[in-house]
**Student:** 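Following this message is one structure expressed as structure tokens.
Numbered from 1 within each chain, the chains take letters A, B, ... in sequence-line order.
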Number of protein chains: 2
Amino acid sequence: MGGIKEIAKMTGVSLATVSRVFNNSALVSPKTREKVLKAAKDIDYRPNVMAAALRSGKSKIIGVIVPEVNNSFFSDIINGIEGVVSDSGFNIIISQTHEKQERENAALNSLLELNVDGILMSISKETKDYTQIQKIIDSKTPIVFFDRRPTLDAINAVLLNNYLGAYIATEHLIDMDCENILHIAGNPDVSIFEERKKGFVAAAQKHRVQYLVNHLPNIKSNPEEDLNSLKDILKKHPNIDGIFAYGDEMAIHLLNLLNTLKIEVPKQVKLIGFGNANFSALTQPSLSSIDQESSLMGELSANLLLQNLKRKTKPTAKVLSPKLIRRESTKNLDQ
Amino acid sequence: MGGIKEIAKMTGVSLATVSRVFNNSALVSPKTREKVLKAAKDIDYRPNVMAAALRSGKSKIIGVIVPEVNNSFFSDIINGIEGVVSDSGFNIIISQTHEKQERENAALNSLLELNVDGILMSISKETKDYTQIQKIIDSKTPIVFFDRRPTLDAINAVLLNNYLGAYIATEHLIDMDCENILHIAGNPDVSIFEERKKGFVAAAQKHRVQYLVNHLPNIKSNPEEDLNSLKDILKKHPNIDGIFAYGDEMAIHLLNLLNTLKIEVPKQVKLIGFGNANFSALTQPSLSSIDQESSLMGELSANLLLQNLKRKTKPTAKVLSPKLIRRESTKNLDQ
DNA sequence: TTGAAAGCGCTAACAG
DNA sequence: CTGTTAGCGCTTTCAA
């Protein structure tokens, strides 16, 4: 399996011509082209992408950095990304940060060493220091952020309107006649969770209903304790009739807790989550939620990046509008 | 940000010496090493992996091919792989096949063009023609299969003992006093589903209980119809008291269907799935299942590949033993 | 312990 | 439309 040189020798044309055939850019006579292609097939020729990359400065590789690949939101995004970039002949390299700034910087570094043509990333929850990221933004390597962005100006990003999503969710509870609503909020250091909280508060105030916010972000690390404190809250506020959880997983835990406490959903309490995770349609009752259009987010980010690859465009931030997914957990049985 | 050459000029040593420093292989005097390292820091030097790859023939990239990244089983595996290989300084390129042979071959091709050092893959459900794969096995690029393997000899693979998993699941139902059990089987063209079916039948026969097998693989493409035919089966066989579903998602659908039919789980019918998906602990009742140790499978495959990278070893097939996860859906309320 | 030199496989001027 | 030529940045003999 020789290279371009062997084909040149076989066909009697020059290296350059052979190269042109494979980059079907230049004008090559149909005859020569055919001759070259035939020879290529004969020796089962496969272009050496590395060599081309080195010489041309284009690797045809796009780096993707996510907190965790085994998280349905991010894997849906990756799916979206993969679809559009592979259609354009790019490969994707994936790195995980596990929400650590250190790993994030390492990943970024690694991608630069690989000479990736562009980077798609969602920053880790922990990241506070943007110097490394700023360096890339200033560099020639295009980068676009999705879902979570650094608080820097002039960046390319595809985001979800979390405020709006929370607002919609909250209004939906109110529409379903809830008058005393609780928000289980996520880690306040993470901007998207803060936005959701703000959206909740805004909607509650707008419609003048009673509301309550409770931070409870550690469900994964410490489920026992969290569920106990949840129990306390529900006991202390028996008049709560609607709950908006900052995420679907938390919502499911709530659903089970409410069930344990013999509080019926949606009869006594209505419940809505956020994220429209794959399992939210499968619970009993099924869980109303806010869809994040994760796959679309991946596609749009990838498209934005590809666009920047062609010609450096002005920094653009695209904001997606989340959609309400009504299911049984917020059904108003009186209506 | 110059290259090795610039550092050589700055420090007054030769290119070769600088190169040696970064491959901390050769014997370089501590002084020179330090000098070089300092210069490198000064100009924020980043090695060009592509160039090194081209010259040395080692890309430090590993290709991973999976049917779908947004599938919790595969994304868990990817997580396991990523952990192992990134610790060893490798990057991973990910391609999806969407269960299409055509895409699989394209991905394989693409990886070879990139000169990946090794390949980790799970073949698509559709793949029947192994010529492309055989070519790679014969080539110098190490490849190891996980979860789904081609029916070829002398391959490296990390697999799950699906037969055993099904056997265990079935025995568990029988232990919980089920005497009339149903297996909802997956697509018979997929070997892992066939193995599960065989394990089920073997366990049922061994313990001399009544059993029934029903193929119902299209739950995703045609849920309505499938659920209806399920309903028919359950009505036709009202004495069924235990169900083993070939996958957790199917099991959840069953759970909901049984609920609709006012058949209580686990009181009247006990239900067990396969896969231990993330949502199976969250349902009401929680779903018993068979754990596939997906992350471990990823780690083992990656380790096997890395081992092969160092020195071509004899083809090895590792078979993991699945584990029973008991939850509420199979609880014996009489015991 | 270090240096000189060749070249990995390909692309991109430039000249014809 | 085609060929010549000069490298991309690095590794790796071979010699010193």
**Student:** For C:dT2, does OP1 or OP2 lie under 4.0 Å from any side-chain N or O of B:T32?
**Tutor:**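 Answer is yes, contact under 4.0 Å.
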**Student:** Classify the nucleic acid contact of B:V13 as base, sugar-phosphate or nothing, counting any heavy atom under 4.0 Å across all strands shown.
**Tutor:** sugar-phosphate
**Student:** Tell me: CG of B:L54 to P of D:dG7, nearest whole Å?
**Tutor:**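 The answer, rounded to whole Å, is 17 Å.
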**Student:** Going by atom types only, do A:Q134 and A:D138 share a side-chain donor-acceptor pair under 3.5 Å?
**Tutor:** yes
**Student:** Do you know which of B:D42, B:L15, B:V36, B:T17 makes side chain to side chain contact (heavy atoms under 4.5 Å, CB included) with B:I7?
**Tutor:** B:V36
**Student:** Which of these passes side chain to side chain contact (heavy atoms under 4.5 Å, CB included) with A:I65: A:I94, A:I123, A:T97?
**Tutor:** A:T97
**Student:** In whole angstrom, what separates A:N115's CG from C:dC10's C1'?
**Tutor:**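 Spelled out: CG on A:N115 to C1' on C:dC10 is 15 Å.
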**Student:** Keeping to residues at least two apart or across chains, list the side chain to side chain donor-acceptor pair (under 3.5 Å) pairs with something in residues 139-154 of chain A.
**Tutor:** A:E99-A:R148
**Student:** Could you state the NZ-C1' distance from A:K9 to D:dG3, rounded to the nearest angstrom?
**Tutor:**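 About 16 Å, once rounded to whole Å.
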**Student:** Nearest-Å distance, NZ (A:K35) to C1' (D:dT2)?
**Tutor:** 11 Å
**Student:** Can you see which heavy atom on A:Q101 is nearest to which on A:K128, and at what distance?
**Tutor:**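 For A:Q101 and A:K128, the tightest heavy-atom pair comes out as OE1-N, 3.1 Å.
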**Student:** Quick one: A:M50 CE to D:dT11 C1', roughly how many Å, whole number?
**Tutor:** 15 Å
**Student:** Between P on C:dC10 and NZ on A:K5, what's the gap in Å once rounded to a whole number?
**Tutor:** 9 Å
**Student:** What integer distance in Å separates A:N48:CG from D:dC8:P?
**Tutor:**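 Taking CG of A:N48 and P of D:dC8, I get 18 Å after rounding.
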**Student:** Mind listing the side-chain donor-acceptor pairs of residues 77-84 of chain A below 3.5 Å, one per line with the distance, residues two or more places apart or on another chain?
**Tutor:**
residue: A:N79; atom: OD1; partner: B:Q96; partner atom: NE2; Å: 2.8
residue: A:E82; atom: OE2; partner: B:Q96; partner atom: N; Å: 3.1

**Student:** Atom NZ of A:K60 and atom P of C:dC10: how far apart are they, to the nearest Å?
**Tutor:** 17 Å
**Student:** Could you verify whether a donor N or O on one side chain and an acceptor N or O on the other, from B:S72 and B:S75, lie under 3.5 Å apart?
**Tutor:** no
**Student:** May I ask you to verify if any side-chain N or O of B:T17 is less than 4.0 angstrom from the OP1 or OP2 atom of C:dG3?
**Tutor:** yes
**Student:** Distances for protein N/O vs nucleotides 11-13 of chain C N/O pairs under 3.5 angstrom?
**Tutor:**
residue: C:dT11; atom: OP1; partner: A:N23; partner atom: OD1; Å: 3.4
residue: C:dT11; atom: OP1; partner: A:N23; partner atom: ND2; Å: 3.3
residue: C:dT11; atom: OP2; partner: A:S19; partner atom: OG; Å: 2.7
residue: C:dT11; atom: OP2; partner: A:N23; partner atom: ND2; Å: 3.4
residue: C:dT11; atom: O2; partner: A:R55; partner atom: NH1; Å: 2.4

